[in-house]
Structure formats: structure tokens, C-alpha cells
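Below, all heavy atoms of this structure are taken into account, side chains as well, without hydrogens, waters or symmetry copies.
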2 protein chains.
Amino acid sequence: MPSILDVAKRAGVAPTTAKRAIHEPHLLAQETLARVRKAIEELGYEPDQVAGGLRRGRTQTLGLMVGNIMEPFFASLVRTIAHAAQSRGYALIVTDSEYDTKVERANLRVLYGHRVSGLIIRSGYGQPNLDYLKRMRERGTYILEIDYFYPDSPFGHVMLDNEGCVFEGVRYLHSLGHRRIATLGSYDPLYHPEERSRSFPKALEAVGLPLIEAYQRVILLTEPEAYKLTLELMRLPEPPTAIFSLNGTEAAGAFRAIKELGLRIPEDVSLLTFDNYSWTALVTPPLDVIEQPVEEMGLAAVEIVLDAVENRTLDKVVRKRFPGRLIKRGSCAPPKHA
Amino acid sequence: MPSILDVAKRAGVAPTTAKRAIHEPHLLAQETLARVRKAIEELGYEPDQVAGGLRRGRTQTLGLMVGNIMEPFFASLVRTIAHAAQSRGYALIVTDSEYDTKVERANLRVLYGHRVSGLIIRSGYGQPNLDYLKRMRERGTYILEIDYFYPDSPFGHVMLDNEGCVFEGVRYLHSLGHRRIATLGSYDPLYHPEERSRSFPKALEAVGLPLIEAYQRVILLTEPEAYKLTLELMRLPEPPTAIFSLNGTEAAGAFRAIKELGLRIPEDVSLLTFDNYSWTALVTPPLDVIEQPVEEMGLAAVEIVLDAVENRTLDKVVRKRFPGRLIKRGSCAPPKHA
DNA sequence: GGTCTATATGGTCACGTGGCCATTACGTCT
DNA sequence: AGACGTAATGGCCACGTGACCATATAGACC
């Protein structure tokens with residue numbers, strides 16, 4: 001494995017001169033530069049980021065922790081962030097918390113062990129690892145939350161305008177004539193410190209609708225739980241005429257349940273969901289969705305992190321919101337017996 | 001950022017003793033060990049993998065390059081591999097080549113720069129980067145290909161039994177009575193050095209069917225190209241009675257095209273596809289698929305790589321095949337005018 | 001009592017780099 | 001001519017660790 005010393009020897013210059021060809025080429029004479037570059041080329045030399053990271057006290061490495069990479073939202077984030085990081089010369093260490101506090105902690109240890117310069121994290125609920133994150137920041141890692149943030153979080157974040165989107169969704173359903181609207185999973189301070197379910201009652205209130213107690217359930221926002229809840233809701237004496245799914249994963253469960261019950265969308269029940277996952281356009285009928293600008297959010301996150309890292313402004317707290325976009329495809333219509 | 005020196009100082013022992021508490025605790029007296037551990041705990045010390053990697057000459061880092069992380073096959077791989085790596089104390093650097101040779105090369109540079117100990121790679125077609133990979137191996141990185149491998153590749157790989165799956169798929173369609181079967185994308189030595197499209201003519205031959213020239217097209221295996229090709233195929237005077245999609249991404253395009261033409265599945269055309277993506281069970285009708293054991297493949301890949309890395313057997317070449325599984329859901333039926 | 005062995009602990013150095021300071025050559029200004 | 005400035009190059013060392021070698025203590029053995 002050739003080092004800069006080998007390059008220097010081959011080019012017939014001192015090590016210091018050789019490495020200037022990489023970092024400060026303007027300091028070298030044309031001819032010297034060419035000679036060193038030739039040696040680099042011939043040897044296939046590539047700077048050792050491990051050694052550089054040690055010496056610099058700062059690695060060219062970012063960390064990303066997602067909740068579940070199988071969700072297209074997170075897959076897209078990984079793709080965008082990995083690409084942006086790599087184009088700036090940073091490598092991206094990706095971890096998946098599976099929304100599990102213990103897994104998250106284990107992953108954080110590995111990330112800290114590798115001394116990532118920055119960490120973009122979609123943390124799980126609750127705050128068992130907040131202290132660990134704070135210590136990481138004290139020790140030089142810039143922390144940025146994405147898609148969710150701890151209550152009273154001291155870190156910056158990149159978020160969807162969840163409240164605005166919920167309001168828009170509810171307004172849309174209300175304008176179609178719906179009066180019995182249900183979300184899949186209700187706000188619970190213990191289980192869902194989550195903006196979407198928390199905004200829903202406010203949104204109902206804003207259009208003058210009551211929150212229907214019979215629809216309130218505390219569930220995990222997963223496919224199987226959404227499936228079960230949808231079955232339950234649609235079997236009520238007064239089932240909802242519209243279901244508002246809080247994410248694309250839930251929507252799959254709701255869709256499956258509705259089909260299984262032999263109900264038609266939108267004739268028997270309207271379905272609106274967060275996340276423009278590709279399958280939502282393929283099913284019958286294609287679903288109305290609220291799309292997140294995932295790529296913009298990922299790029300913004302990288303910008304914020306690298307800006308802070310490279311300018312040594314680790315205390316800088318940036319909080320950014322992105323608007324969603326309602327796409328109508330036909331899964332929402334006026335209720336039958338409006 | 002506390003180092004092992006700080007730990008030693010706090011515990012009142014020599015640095016060497018302190019680090020033995022981590023790597024060789026059996027050498028220490030009970031009481032000394034307890035004292036050092038207490039100091040580690042109190043300081044929140046975590047070994048610096050950057051420094052360790054430099055000294056050791058080998059990092060606790062693996063690299064993974066996928067073709068497109070938005071494809072659930074790859075997302076699942078990332079998840080499985082990241083998890084397995086992290087449980088062994090390795091961090092995983094994830095990159096996405098977008099099936100682009102230049103992007104792939106840039107990513108390889110970053111991975112090499114970070115001196116990953118092992119690399120699991122789903123390379124793009126063609127071999128412009130094969131030499132670079134060979135040099136990486138010479139310099140200590142263990143390379144394992146997954147899902148695809150270079151012709152004459154000197155590396156090991158983890159693969160689906162593509163030929164067996166194509167044969168099974170064709171046998172299945174043939175047994176239903178189909179005589180006009182088309183794949184989406186035909187084998188072309190330049191564009192598709194790819195096992196599935198290459199096996200298809202052989203599989204037809206095995207059941208005594210001719211390869212229909214009118215269906216042969218060289219396309220990229222993407223959603224838009226599959227969409228366009230499906231439109232073309234179904235508008236032929238003698239359209240196929242069954243379409244065999246070579247991956248889940250293509251299937252989405254084919255499905256979209258079939259729906260758009262107002263054709264019914266399976267009455268007007270049967271559809272069979274590789275990859276059990278979750279949307280395939282949600283559409284109407286749910287699709288017949290050939291499922292890959294993605295998690296097993298990912299775990300096997302990590303085993304192979306870490307085994308070679310930790311036992312310094314970088315020249316060991318392991319080649320492993322996994323069987324697929326045909327799942328019938330109703331998108332394939334006998335053709336109308338058999 | 002001296003030698004041996006096992007147990008427990010300590011000391012030293014290099015991995016490849018980047019930051020910093022030092023040196024040389026040569027032209028310009030007063 | 002001497003002082004000075006600039007361009008170009010060189011030398012040295014520490015980052016935190018792990019490998020390797022060295023030392024100290026105490027009990028066992030003859």
C-alpha cells in the first residue's frame with residue numbers, strides 16, 4: 001500500500017512537497033507538480049483517510065441512522081445523502097435502528113467509535129439516547145435530526161411541515177363532504193410524540209369537526225397494526241367515510257384491510273396517505289398522497305452538517321421545514337351518504 | 001475526547017494495563033480490572049477506531065456498493081448487512097452506483113481511501129472498474145460480488161440461482177398452456193451480460209418452445225424502459241400471452257403499461273416477475289413472483305467477508321448460490337385462446 | 001538460599017498523515 | 001551592496017492505538 005513517502009521517493013522530492021501536490025498545488029512549481037502527479041498516477045496512490053482522520057482530529061466520515069431502511073422514505077434519504085456526501089469526499093456510514101432503542105444505542109457506539117464528523121439521525125421515540133447524543137456533540141460530532149426530533153432537543157433538524165400537511169389533508173377531505181375522518185394511530189404523549197397524530201385533532205377543530213372518540217387508538221405506525229386497526233374501524237356501526245394514513249407503511253396495511261373487507265375505494269371509503277410511494281400509483285384506484293420532498297430534505301441535511309463541520313461551528317443550530325404536496329389521483333371522493 | 005491515557009491516569013495504572021482491560025481482561029487482577037472499568041465508565045471512553053485502524057493496518061469498516069438502493073432488493077441487503085456488520089463491531093459504508101460506471105469509480109475511490117477491510121459489491125455491467133477492484137484486493141481489501149459478477153471475475157460471489165429460477169418460471173408458464181412468452185429485455189452480450197436474460201432462450205428450448213424474434217429487444221432493466229417495451233409488445237399483431245419480468249422494478253413498468261392498455265391480468269395476459277416486492281401483493285390481481293432469499297444472501301455475504309478478513313485469507317474465493325421460491329397469487333392463468 | 005515460573009504490570013515505538021516552522025534561491029528595493 | 005520579500009522546497013513531530021518487549025513480585029522447588 002503506497003504512502004505519500006513512496007510518492008515522494010518516486011518523484012524525487014521531499015514528503016512535504018509531495019503532499020502539497022494534493023492539498024496546496026498552487027505552492028508548487030509547474031514542473032514539480034507534474035512530476036509528483038505522475039508518481040501518484042503510476043503508484044495508484046490514494047490518501048489514507050484513516051491516518052488523515054487521526055492526525056486532523058476529524059474524519060471525512062458522516063453517519064446516518066434511519067428508522068427502517070425498507071421504507072422508501074428512508075431508502076431515498078440514504079441514496080441522496082450518500083451521494084451528496086461522497087461528492088464532497090465524505091464516506092457515509094449507514095445504520096438502521098429498527099426503531100429500537102437498544103439497537104440505536106449499539107449503532108451510536110459504533111458511530112462514535114468511528115469518530116464520525118457529523119450524524120444525521122432519525123431517532124426512535126422517547127429519549128433514552130439523548131444523553132449519549134449530547135455527549136457525542138460535546139466531543140465533536142455535529143448532530144442533526146431528521147423527520148423527527150426529541151422534545152426539547154438541543155439539536156437542529158430538517159422536518160416536513162407536518163402540521164401544515166395534516167391541515168391540508170383534513171381540509172381536502174372536509175371539502176369533499178367527509179364528516180367522519182379517522183387517522184390510523186392517535187396522538188398519545190407516551191407512545192407518539194409525533195407531530196402528525198398530534199396535529200390531527202387541531203385540524204379537525206379548524207374545520208369545525210369533532211374528534212370521534214370511537215376511532216381513537218394508540219398503535220405503532222406499522223403495516224400490521226394499521227391493517228388490524230383498519231379492520232376494526234370499518235366494522236364499527238358508524239365507520240369512518242375517510243381514512244387518513246399518517247405514513248406510506250401504514251397505508252399499505254389500510255389498503256390491504258379495505259380490499260379484504262370487499263370495500264371499494266373511494267365509493268365506500270376514501271383513503272388519503274402521507275408519502276408518495278411508487279406502489280400507491282399502481283394499485284386500483286391509485287391513491288391520493290401527500291408527497292414529501294425527500295431529496296431536498298436530504299440535500300439540505302448534508303449542507304447543514306458539512307457547513308457546521310467544515311467551519312467548526314458545532315454549536316450552530318439550524319431548524320428547517322419543508323412543505324408537502326398533495327397529489328390527487330382518485331382515492332378520495334365525496335362520501336356515499338353524505 | 002478521552003483517550004486510553006486518560007483512563008489509565010484516572011485508574012492509577014499504566015496505559016498498557018488500561019488497554020488490557022479491553023482486549024485481554026483475563027491478564028488483569030480482579031481488583032485492577034474493576035478499577036479500570038470504573039474509569040472507562042466514568043469517562044465514557046470508547047476506543048478510537050480511527051487510531052486503532054491505522055495502527056492495526058486494518059479497519060473495522062466494511063463497504064457495500066449497491067446498484068440502486070431504492071430497489072427493495074438492495075434496501076433489504078443494506079439493512080441485513082449493516083445489522084450483521086454492526087453486531088460484529090464493524091461499521092458499514094454504503095454507496096449507490098446508480099448503475100453508472102463513473103459514479104461507481106468515484107465511490108470505489110472513497111471506499112479505498114477509507115481503507116475498508118472488505119467490500120461487498122453489486123457492480124454495474126461491463127468491466128471498466130475491474131482493474132481497480134483487483135488493485136484494491138492486492139492492497140488488502142477482500143472483495144465479494146453479490147447479485148451479479150464480472151465475466152471471468154477472480155472474486156467470490158453470492159448469487160441467486162438465476163438459471164434455475166428462469167427455468168422454473170418458464171416451466172410454470174408453459175404448463176399453464178402459454179406458447180408465446182416474452183421477457184422484458186433480451187440477452188445481449190454487450191448490454192446484458194446478465195444471467196436471467198441469457199437463461200431465457202435455454203429455458204424455452206428445454207420445454208420445446210421457439211424464441212419469438214419479434215419480442216427480442218435490448219433495453220435497460222428499468223421501470224420506464226419496461227413500460228415502453230410492454231406497450232410495444234402488447235400492440236404487436238401476435239402479442240405474448242405471458243410476460244416474464246426479470247426484476248421487480250421492471251414489473252412495475254409492465255404492470256403500469258398493461259393497465260394503461262386496458263388489458264386484464266391474467267385474462268388477457270399473464271404476468272410473472274422476479275422479486276417479491278411488497279406492492280406486488282397489493283395490486284389487483286396480486287402478482288405471481290419468484291422470491292429471492294435476500295436476508296440469507298446478505299448474511300452469507302457478511303460471513304464470507306468477515307471470515308476472510310479476520311483470518312487473513314484474502315485469497316479465499318467463495319462462490320455461493322441460493323435457490324428462489326415461486327409464489328403463486330393469481331396473475332398467471334391459462335391463455336384465453338390456447 | 002538461589003533458581004525457576006507464573007502472574008501482574010509497565011515502557012517504547014510505528015502506523016501515515018497534516019500542521020507548523022525552517023531553509024534555500026533569487027529578484028527587488030533603497 | 002546589503003536588506004528584504006517572495007517563491008519553492010524541506011524537516012519534524014504528534015494524533016491514539018496495538019504489538020512487542022521488559023520488569024517486578026511472589027510462591028514453588030531442589
N/O donor-acceptor pair, side chain T17(B) with base dG10(C), under 3.5 angstrom: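 Answer no: no donor N or O sits under 3.5 Å from an acceptor.
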Hey, are Y112(B) and R135(B) close enough side-chain-wise for a donor-acceptor pair under 3.5 Å?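 R135(B) vs Y112(B): no donor-acceptor pair found between side chains.
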T95(B) side chain to Q86(A) side chain, donor-acceptor N/O pair below 3.5 angstrom: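 Short answer, no.
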Sequence-distant partners of Y99(A), side chain to side chain donor-acceptor pair (under 3.5 Å), two or more places apart: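 Result, side chain to side chain donor-acceptor pair (under 3.5 Å) vs Y99(A): E71(A).
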Provide the start and end nucleotides, 5' to 3', of the part of DNA chain D that has atoms under 4.0 Å from heavy atoms of chain A.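 Here the contact window of chain A covers dA8(D) to dG16(D).
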Between protein and nucleic acid, restricted to nucleotides 14-17 of chain C and to nitrogen or oxygen atoms under 3.5 Å apart, what atom pairs and distances do you find?
unit_1: dC15(C); atom_1: O2; unit_2: R55(B); atom_2: N; d: 3.4
unit_1: dG16(C); atom_1: N2; unit_2: A51(A); atom_2: O; d: 3.4
unit_1: dT17(C); atom_1: OP1; unit_2: Y45(A); atom_2: OH; d: 2.5
unit_1: dT17(C); atom_1: OP1; unit_2: D48(A); atom_2: N; d: 3.3
unit_1: dT17(C); atom_1: OP2; unit_2: I4(A); atom_2: N; d: 2.7

In Å, rounded to the nearest 0.5 Å, how long is the span from CG of L133(B) to OH of Y150(B)?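 One gets 5.5 Å once the value is rounded to the nearest 0.5 Å.
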Could you check whether V13(A) gets within reach of a base, just the sugar-phosphate, or nothing at all, counting any heavy atom under 4.0 Å?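 Contact class for V13(A): sugar-phosphate only.
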Can you give the donor-acceptor pairs under 3.5 Å from side chains of residues 16-26 of chain B to other protein atoms, not counting sequence neighbours?
none

Would you please name every residue forming a side chain to side chain contact (heavy atoms under 4.5 Å, CB included) with R109(B), sequence neighbours left out?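 Only E46(A), R105(B), Y132(B) meet the side chain to side chain contact (heavy atoms under 4.5 Å, CB included) criterion with R109(B).
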Any salt bridge (charged side-chain N to carboxylate O under 4.0 Å, His left out) pairs touching residues 73-90 of chain B, not counting sequence neighbours?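 As it turns out, the salt bridge (charged side-chain N to carboxylate O under 4.0 Å, His left out) pairs with a partner in residues 73-90 of chain B, which skip direct neighbours, are D96(A)-R79(B), R88(B)-E303(B), R88(B)-E310(B).
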E31(B) CD to dT7(C) P, straight-line distance once rounded to whole Å: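 Those two atoms, CD and P, are 19 Å apart.
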So does E31(B) pair up with R35(B), basic N to acidic O under 4.0 Å?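 A salt bridge links E31(B) with R35(B).
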